[in-house]
Amino acid sequence: MTAVPDTSGLAGALSGASAILFDLDGVLTPTAVVHEHAWQQLFDGFLASVPDAAPYRESDYFDHIDGKPRFDGVRDFLASRGIVLPEGPADDDPAHDTVHGLGNRKNKVFNDIVEAGGVQPYEGSVRFVDAALARGLKLAVVSSSRNSPAVLKAAGLSDYFPVVVDGVVAVTEGLPGKPSPATYEYAARLLGLPSEECVVVEDAVSGVQAGSAGNFLSVIGVDRGAGRQTLLDAGATVVVNDLAELL
Ligand SMILES: [Mg+2]
């Protein structure tokens, strides 16, 4: 990483860079909102069949689901309504009213929303990506999500990113997830570049830590709620609210 933060626009942020490695969820697409909607749809449907159950509220997402592994979210939300369901097998049919069935149903709802074109990329991010391409930079996506190709397709971004290192690739290649820099380093290798020539763009603390832990040129933090100082403390070289600020 460079020691000197440079905030003088795109040229400064990308000085010496040959490639940009983008996180997906929260950097290119507001996919966290799609996850919220999918949970709402799941439990609106499920609770309709449960007599006297209090309806799903937006606050339930933050109180019981956000940030947890999917099946823990199902279990903890159900517990908030005093509902206990059988666990079911991990690959249980999404039609089954079990913890794993409901979790798999949520994933299906998420994918249905995505495939129906329900993902609009951040406008400022698209402009930044266009500008980077115009400068001849190589681009890659590095995401923990297993749904990355579907999300990129729904957002109309597939053609921008010939290299996608997502949750499926990480498992296949045996790469540890963020905050390890391994998935970002793997993306740089796939682009045929040393890490020192790559810029990492991240919105999550764990992702900024991943970029900071690797030997990358710089880490651009995008503050979607994590907090500017938090991202700087995690190792971001520069923090913006929107990537268009660097244009
Ligand atoms: Mg993210």
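For ligands, and for the atoms within them, numbers begin at 1 and follow the listed sequence. Heavy atoms only: backbone and side chains are in, while hydrogens, waters and symmetry mates are out.
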> Around Glu173, counting heavy atoms of other residues, nucleotides and ligands shown, do more than 12 lie under 6.0 Å from its CD?
Replying inline: yes

>> Just by distance, no angles: are the side chains of Ser143 and Asp166 close enough, under 3.5 Å, to form a donor-acceptor pair?
In response: no

> Would Asp72 and Arg75 pass as an ion pair if we require N to O under 4.0 Å?
Replying inline: yes

> Does Arg81 make a cation-pi contact with Phe46, if we ask for NZ or CZ under 6.0 Å from the ring centre and within 45° of the axis?
Replying inline: no

> Under 2.8 Å from the Mg ion (ligand 1), which protein N/O/S atoms are there?
Replying inline: Asp23 OD2, Asp25 O, Asp203 OD1

>> Taking atom NE2 as the centre, does His96 end up with more than 12 heavy-atom neighbours from other residues, nucleotides or ligands that are less than 6.0 angstrom away?
In response: yes

> Aromatic ring centroids of Tyr56 and Phe77 under 6.0 Å?
Replying inline: yes

